Amino acid sequence: MSETHEHHHHHHHKMDGASKFKRKSLLAIERRKKIAKWAFRILVAIAIIMGIVTLAAYTIG
């Protein structure tokens, strides 16, 4: 019984694909978080710029 258990433990080739996929998905999640953060910052910047432009237009007009 222990021999088959040992054999099962040393079967790392099957886990390779899974761990690689897990790492890739984790990296994808991290990248998505970074992109979301930057997208949010850009949207905020655009909103601020639009606000300034609108205020400037009203002030000038």
Side-chain angles (χ1 to χ4, degrees):
M1 188 74 186
S2 66
E3 201 177 284
T4 47
H5 199 81
E6 189 101 32
H7 188 74
H8 189 77
H9 243 51
H10 282 286
H11 239 316
H12 273 298
H13 284 289
K14 266 185 183 173
M15 283 302 293
D16 244 10
S19 60
K20 208 176 279 182
F21 174 76
K22 200 181 276 182
R23 198 184 303 133
K24 202 177 269 187
S25 62
L26 276 171
L27 282 171
I29 291 163
E30 285 295 312
R31 200 181 304 129
R32 206 175 295 135
K33 277 182 191 169
K34 273 183 195 168
I35 291 167
K37 194 187 285 180
W38 278 106
F40 179 74
R41 285 177 184 172
I42 290 163
L43 282 170
V44 168
I46 289 166
I48 290 165
I49 290 162
M50 280 178 74
I52 290 164
V53 167
T54 306
L55 281 171
Y58 273 117
T59 310
I60 293 160

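Please read these numbers as outputs of a predicted model, since none were measured by experiment.
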Novice: Could you state the interatomic distance from NZ (Lys24) to OG (Ser19), rounded to the nearest 0.5 Å?
Specialist: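 One gets 11.5 Å once the value is rounded to the nearest 0.5 Å.
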Novice: Supply the members, apart from Val44, of the Ile/Leu/Val/Met/Phe/Trp/Tyr cluster built from side-chain contacts under 4.5 Å; use none for a lone residue.
Specialist: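 Under the 4.5 Å side-chain rule, Val44 groups with Phe40, Ile48, Ile52.
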Novice: Measuring from Ile42:CD1 to Ile49:CD1, what's the distance to the nearest 0.5 Å?
Specialist: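 Here the rounded value is 10.5 Å.
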Novice: My understanding is that only residues two or more places apart in sequence, or in another chain, count here; which of them pass side chain to side chain contact (heavy atoms under 4.5 Å, CB included) with Arg41?
Specialist: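 Scan of Arg41 (side chain to side chain contact (heavy atoms under 4.5 Å, CB included), adjacent residues dropped) gives Lys37, Trp38.
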Novice: Test question: given the 4.5 Å side-chain rule for I, L, V, M, F, W and Y, name all other residues clustered with Leu27, or answer none.
Specialist: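 Members alongside Leu27: none; it stands by itself.
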Novice: Say you draw a straight line from CG of Leu26 to CZ of Arg31; how long is it, rounded to the nearest 0.5 Å?
Specialist: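 The distance works out to 11.5 Å.
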